[in-house]
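Remarks on the structure that follows.
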Amino acid sequence: MNSDELILKNEPKRNFIHEIIDRDKEAGASAVVTRFPPEPNGYLHIGHAKSICLNFGLAKEYSGRCHLRFDDTNPSKENTKYIESIKEDIKWLGFDWSEHLYFASNYFDKLYEWAKALIRAGKAYVCDLPPEEVSKTRGTLTEPGTESPYRNRSIDENLDLFERMKSGEFPDGSKTLRAKIDMKSSFMVLRDPVMYRILRVTHHRTGDKWCIYPTYDWTHGQSDWNEGITHSICTLEFENNRALYDWFLRTLESLGVETGSKRLPKQIEFARLNLTHTVMSKRWLLELVERGVVDGWDDPRMPTLAGLRRRGFTPESIRDFCERIGVAKTNSIVELALLEHCARQDLNRRAERRMAVLKPLKITLTNYPEDKIDKFEVKNNPDDESAGTRNLIFSREIFIEEDDFRENPPKHFFRLMPGGEVRLKDAYIIKCNEAVKDSSGKIVELLCTVDPDSRGGQSASGKKVKSTLHWVSAKYSESAEARLYNPLFLTPNPYDFPKGQDLLFNLNSDSMEILKDCRIEKELASAKPGESYQFMRLGYFCVDSRNCVPGHLVFNQTVTLKDDLARVEKKK
RNA sequence: UGGGGCGUCGUCCAACGGAAGGACACCGGGCUUUGAAUCCGGUAAUGAUGGUUCGAUUCCAUCCGCCCCAGCCA
C-alpha cells in the first residue's frame, strides 16, 4: 500500500514520533496526551496547521486527548483578540479540544509556589543584576559565564526578596528570579536562566494581580506536567531548551512537589513547516500587514488559516497537505505546488462547475435569430452525478474568453481563429467568419455562425472540433469581479535577498490582479460567500466573504486548473 | 574555535544489516464536449573518504556542509 492509499483510507503516515510513542507504550506508559500551545499574539498560519494536525492527530490515533493551551506568559505582547481567532481557526480545521482548554496563566499561583520550593532547596535565587549585566556575565558560546554576585544569598533573603518582587516593591527590570544551575554549562539555557521578571503590565486574564511573570522555560514544562501531557511536541529551535525543560521537571520531582501527574512529560522536537514563495514568521507576516503590502491577516494571499480560508482552501485539503508533507527533523522547504495539488484534488471532487468569462470578448452569431434562445440542461459536476444539473441559456450575443481567440495562432493553438471552428461547451459548434476591429486595430467583436446541426455541442455530421470553449450569453449573464492571485514572493525562498536589502526585495508586485468586468452565468449570481465553484477551464473560485455587496459578487481565485497550453507556451 | 541537531530523486517523506520506494514537480502517451479530471509509462537520489560485514542509506571512524543556542521573547 502506498502513502496515497494510506491517506485515502485515513491512516496517517507514520513518523519518528509514532516510534517514540510506541516504545513508551511498550515500556508501560498508558494514555497519550498532547497539546497545542499557541501564544495569543498573532493569527494561526499553515505552519501551525502542521502542528495542530500532528498533535490532535496523534491524540486521536492513540485514543488519547489533545489540549488547547494558550501560552500567555508575556502580557506585553499578547492580546485577547487573538484567542477567539485561534479557536475559530482550529475548529474550522476540524479539531476539537472539548473541555480541555487551558491557559498557562491558570498556573501562575502554582508556579509561584514551586518557585519558592526551588528557592528553599537552594536551586533558585533573586538576582539584582540589570539586563545588560546578566547578558555580559552569561559568557559566550565558547567562554563560560561568571556567577552573579547575588548567587549565594541566603534562602531566607531570597524568599523575602522574591515575596517583595511579587508585591511590587521593586521597579520593572530591577530584579529577576534565576534558577541556580551552572554558569559554565555548554548549554546556554542552563547558565542560571531567568524564571521571573518584573513587568508591570496588565494581563488579559489575570489583570493586575501580578507584576512578576514567569518565562517560557519556567512555565511550559510545568504546565505540561500539571496537565498530564505525555508528549510535548515542539519545533527544532527548542532542542537546546530540552535540557532546561528536563532540569526543572526532575528537580521539582526530586523535591516532591504535587502536580496533576506522576509521569514526567517528554519534549520531542520536529521541523517546522516552510513553504516556498511565502513566509511563516509572525514578525514578517505582521510586517506585511502593517506596511500595507496586504489587506490584513485574512488577505487571500496570506498563508494564515484565515487567509487560506478566504482564498477558498478547504480544511480537508489543508489536512491532506499536512499529512503528505510528513513529520521529520530535517529543515525543509515544501513546494507550494503540493498545497495547490491538494486544493485541486479536493475541489475537483466537490466544487460544482459554472461558466464565467473573466476577460470577455463579444461574439455575434449572425445566423442566429435575435429573439431566439436555447435552453440546455447541463451537469454540475461530470464526476459526480449527485451534484445534479442546471440550465444554461444561449442567445445570439455571447461572450468568450479573450485568450481563446487568436488572429494569428501559433501552431500549438487550437482554439478559435479566423475561419476556424470550435465547440461552445454544451451549446453549439461555431465558425469564426470575421474579427471586427476598432480604429486602433483592437479586436472588439467576432462575427460567427452556428452550425445548426450541432445543438448541445453534438455533431450530427460527425464533425470533429479540436477545442471546446466556455461562454456565457451576453443577455443572460451578470457582471462580477474576480481576483487572481500569484505568490507574494518571487523567489522560492523569500529570505534569499542580497546584503543590505530586506525581505521586501523579493516581493511580487504583481500578486493580485483585479478583474472588474467579468461575466458569470445567471445561475452563479445567487452564490453565497464562502462557496467554491470551478469556473470551467479556468480554476477554482471562492465567493469572497468580505467584499461582496448585493448584486456585486467578488470571487477569489483559489488555484488555477492545470494548464497544458500555458506549459506548452512557456516552453517556446 | 563550545554545545545541541540535521544531511536520501528538483521538492517532501519512507526504507531500522538483505533488490533504495511513494507523493508532488517534470517529461512522453491513451481518453476527453473543461488543453481540467482520469488512465498508462518514463527521467531522477543515499554529502565525502575509509573501516566492519557474505552484504551498509542503515553500524563505526574521520572529514565536509547546513540549522539552532549568548532575550528579563516564545
Side-chain angles (χ1 to χ4, degrees), chain A residues 1-7 13-15 19 37-39 41 71 73-74 76-77 127 129-131 134-136 138-145 172-178 185-189 191 193-199 212-213 215-217 219-220 234-243 269 271 276 282 324-335 337-342 344-345 348-349 353 355 378 382-383 412-415 423-427 429 454 456-459 465-470 492 534-539 560-568:
Chain A
M1 182 152 43
N2 66 35
S3 60
D4 236 28
E5 288 169 308
L6 281 175
I7 288 164
K13 214 152 84 174
R14 287 182 58 84
N15 58 56
E19 295 182 12
E39 186 187 9
N41 70 346
D71 216 337
T73 59
N74 187 353
S76 57
K77 289 190 167 184
C127 180
L129 253 24
V134 171
S135 171
K136 258 187 230 164
R138 182 147 25 228
T140 68
L141 297 179
T142 50
E143 296 157 337
D172 283 16
S174 62
K175 284 180 168 51
T176 56
L177 182 73
R178 295 226 256 164
S185 176
S186 49
F187 284 102
M188 298 299 288
V189 291
R191 322 247 264 220
V194 169
M195 295 168 63
Y196 280 94
R197 68 278 212 186
I198 304 175
L199 215 57
I212 57 172
Y213 289 98
T215 56
Y216 164 84
D217 285 305
T219 308
H220 205 93
C234 61
T235 45
L236 253 27
E237 67 271 25
F238 290 100
E239 274 173 326
N240 296 302
N241 299 246
R242 190 173 67 235
E269 311 85 13
T276 59
K282 277 184 193 164
R324 285 168 184 260
I325 58 177
V327 176
K329 298 194 69 159
T330 322
N331 281 312
S332 59
I333 307 180
V334 176
E335 287 177 347
L338 181 60
L339 213 212
E340 294 179 338
H341 167 81
C342 293
R344 286 191 190 101
Q345 184 173 277
N348 177 54
R349 192 162 52 79
R353 280 89 290 195
M355 290 209 272
V378 302
D383 298 331
H412 54 82
F413 185 88
F414 49 83
R415 275 115 87 147
R423 172 167 36 237
L424 297 176
K425 173 76 180 165
D426 294 317
I429 291 173
S454 64
Q458 230 76 37
S459 175
V465 288
K466 197 94 194 277
S467 188
T468 299
L469 307 184
H470 63 280
Q534 184 198 92
F535 287 3
M536 296 196 84
R537 301 206 313 129
L538 295 172
T560 60
L561 253 30
K562 285 219 259 178
D563 186 354
D564 255 8
L565 177 63
R567 218 187 64 227
V568 169

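Labels below follow one simple rule: chain letters A, B, ... track the order of the sequence lines, proteins then strands, and each chain is numbered from 1.
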Describe the nucleic acid contact of [X] in one word from base, sugar-phosphate, nothing, applying a heavy-atom distance below 4.0 Å.
X: A/Ser332; answer: sugar-phosphate
X: A/Glu143; answer: nothing
X: A/Asp564; answer: sugar-phosphate
X: A/Pro130; answer: base
X: A/Thr140; answer: base
X: A/Tyr213; answer: nothing
X: A/Lys425; answer: base
X: A/Ser135; answer: sugar-phosphate
X: A/Leu177; answer: nothing
X: A/Glu335; answer: base
X: A/Ile333; answer: sugar-phosphate
X: A/Pro144; answer: nothing
X: A/Arg178; answer: nothing
X: A/Leu236; answer: nothing

Next on the checklist: With a 3.5 Å limit on both atom pairs, tell me what B/C26 is paired to, counting Watson-Crick and G-U wobble, or say none.
Outcome noted: B/G42
Next on the checklist: Is there, by distance only and without an angle test, a donor paired with an acceptor across the side chain of A/Glu19 and the base of B/C16 below 3.5 Å?
Outcome noted: yes
Next on the checklist: Tell me whether the side-chain N or O atoms of A/Asn331 pair up with the base of B/C66 as donor and acceptor below 3.5 Å, since no angle test is needed here.
Outcome noted: no
Next on the checklist: Does B/C16 have OP1 or OP2 under 4.0 Å away from a side-chain N or O of A/Arg14?
Outcome noted: no
Would you indicate which nucleotide in [options] comes nearest to any side-chain atom of [X]?
X: A/Arg415; options: B/G35, B/G7, B/U11; result: B/G35
X: A/Phe187; options: B/G2, B/G4, B/C73; result: B/G4
X: A/Leu565; options: B/G35, B/C13, B/C73; result: B/G35
X: A/Glu237; options: B/C12, B/C68, B/C73; result: B/C68

Item to check | Whole-Å gap separating P (B/C24) and CG (A/Leu339) | outcome: 14 Å
